[in-house]
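Throughout, a chain's letter reflects where its sequence line sits, starting with A, and its residues are numbered from 1.
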Number of protein chains: 2
Amino acid sequence: MQTGPHIAQIAALVGDPARANVLSALMGGRALTASELAYHAGVTPQTASSHLGKLAEAGLLAQDRQGRHRYYRLASPLVGRMLESIMAVAETGPSRYRPHWKGGEALRTARTCYDHLAGRLAVDIADALIARGHVVLAADGGEVTAAGMAHLTGLGIDLGAAKRGRAFCRPCLDWSERRPHLAGAVGAALCVRAFERGWVERVKDSRAVAVTQEGKRGLSDAFGVVPQT
Amino acid sequence: MQTGPHIAQIAALVGDPARANVLSALMGGRALTASELAYHAGVTPQTASSHLGKLAEAGLLAQDRQGRHRYYRLASPLVGRMLESIMAVAETGPSRYRPHWKGGEALRTARTCYDHLAGRLAVDIADALIARGHVVLAADGGEVTAAGMAHLTGLGIDLGAAKRGRAFCRPCLDWSERRPHLAGAVGAALCVRAFERGWVERVKDSRAVAVTQEGKRGLSDAFGVVPQT
DNA sequence: CGATCGCTTCGGGCGCGGTCGAAGCGATTT
DNA sequence: AAATCGCTTCGACCGCGCCCGAAGCGATCG
């Protein structure tokens, strides 16, 4: 059996706390500079540089030079999916050491998960869409109904790229809620639209997102979801 | 950002070559004894025992004592999914060191992937089902059509547990073919049935499976698939 | 053009963890 | 009851790789 060593190479890269923090930070979906990532990782810039080099060389990260800054981002959605799945396992394990941490509540409430929304907000949206018969979600896949397509299109969410009405609709296990939320192309489009409309905005130095005043109205109108504080 | 350390814990476990080999071996879907796993990992029984203890404590493995043997297996499908996703990343990376290894050809031809079939055989089956309009597969999800349900049911594949006709149908990126094959409940049921009918049988000490003579006939009749040697 | 900034490279220190030999423990066999 | 077997625990060794200080390099700015 030879796939072992291959997956070990990748997993070992993710297995270092500093690098894992880097990857977690990049799960926010934005490209970040080396310094920012060093801060998130809690190490000095030189150490971070070493880690970033390894991650990039292995093809987990892509880099864009821009002036004297160097922006790093996840190299592909595949990497995001991998991190999601590792998180899912990490959160379902036995009562690991899991202290209450400041800012954790904000993350649990609403955050981005690579390219879509996650947290209580996202789970509530998914529940609402399911309850209204706009989306069908099961453990391994999902689909958007005709009524759902109409509704989402009405919200300005373009699903043209998603083929033949069944759309790229995928459940993603929410690590904080332990229930599925909407991922895939539908989740991503919904996330983009929510930012466009100013319903949510990013919280500094975090993957967390905050629901704005318009957001409360908009989400209530669109999905009947009333975000908790 | 605090999810970093959590995923690092899990990833670090997978990141050791010996442990990765253990997990790879268990991706075959069967429970294996500690000694067998030690052999697969290429370490002594004491070392393997240490690794197995850590994996079990972290909730990645489950153990069943049976007499003086102790059988280990993946603790949940979630773990299998995680390993799949890591493999997918590992195989799409840059030209990693990837020598030709004996037995590799057999694995590329057909193997089990935790609970479903993978390799050229599985990709061919998926292609055939898609071409016949029995299954629709996209990057993030899939569904079984009415005609597909009828066809699979006719083969004795029970999809009763899969709800409302859309079934748990999921694509799984095949690391050797780099194209999707059928996973999820449908893939698992199909795999079970293939073993029941004697179409395929396990190869000793490997995740590879061999297509039997009946298998060639059966697969040809059922899907129009002619397995290469 | 010198100063500053962002990032990387180099070098050395140090700790964590994988490894195996030896011994212990419980189940099974004769 | 003694011998064997499968597996785990203990103890010690040792090497990999994470880490940071110092220096180098390229871009930007005054």
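Evaluation of the salt bridge (charged side-chain N to carboxylate O under 4.0 Å, His left out) rule for B/R19 yields no partner, not counting sequence neighbours. For A/R30, the salt bridge (charged side-chain N to carboxylate O under 4.0 Å, His left out) criterion is met by no residue, not counting sequence neighbours. Evaluation of the salt bridge (charged side-chain N to carboxylate O under 4.0 Å, His left out) rule for B/R73 yields B/D64 as partners, not counting sequence neighbours. Partners of B/H181 according to the ring pair (Phe, Tyr, Trp, His ring centres under 6.0 Å) rule, which considers only residues two or more places apart in sequence or in another chain, are B/H116. Taking the side chain to side chain donor-acceptor pair (under 3.5 Å) definition, one finds that A/T47 meets it with A/T44, sequence neighbours left out. Residues passing the side chain to side chain contact (heavy atoms under 4.5 Å, CB included) test with B/A189, sequence neighbours excluded: B/I157, B/L159. Residues satisfying the side chain to side chain contact (heavy atoms under 4.5 Å, CB included) criterion with B/E196, sequence neighbours excluded, are B/V192, B/R193.
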For nucleotides 11-21 of chain C, print each protein N/O atom paired with a nucleotide N/O atom at under 3.5 Å, atom names and distance only.
{"unit_1": "C/dG18", "atom_1": "OP1", "unit_2": "B/R19", "atom_2": "NH2", "d": "2.9"}
{"unit_1": "C/dG18", "atom_1": "OP2", "unit_2": "B/K54", "atom_2": "NZ", "d": "2.6"}
{"unit_1": "C/dT19", "atom_1": "OP2", "unit_2": "B/H51", "atom_2": "NE2", "d": "2.6"}
{"unit_1": "C/dC20", "atom_1": "OP2", "unit_2": "B/T44", "atom_2": "N", "d": "3.4"}
{"unit_1": "C/dC20", "atom_1": "OP2", "unit_2": "B/T44", "atom_2": "OG1", "d": "3.2"}
{"unit_1": "C/dC20", "atom_1": "OP2", "unit_2": "B/T47", "atom_2": "OG1", "d": "2.9"}
{"unit_1": "C/dG21", "atom_1": "N7", "unit_2": "B/Q46", "atom_2": "NE2", "d": "2.7"}

Contact list (N/O, under 3.5 angstrom) for nucleotides 24-30 of chain D vs protein:
none

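Of the N and O atoms on the side chains of A/R120 and A/T109, at least one donor lies less than 3.5 Å from an acceptor on the other residue.
If you measure from atom CG of A/L55 to atom C1' of D/dC18, you get 14 Å, rounded to the nearest angstrom. We find that CG of A/L52 is positioned 16 Å from P of C/dG6, with the value rounded to whole Å. One interatomic measurement links the two molecules: CD of B/Q63 to C1' of C/dG26, which rounds to 15 Å at whole-angstrom precision. Between B/H69 atom NE2 and C/dT29 atom P there is a gap of 9 Å when expressed in whole angstrom units.
In this structure, B/Y71 reaches neither bases nor backbone, as no heavy-atom distance under 4.0 Å exists between it and the strands shown.
B/Y72 has a side-chain polar atom (N or O) that falls below the 4.0 Å cut-off from OP1 or OP2 of D/dT8.
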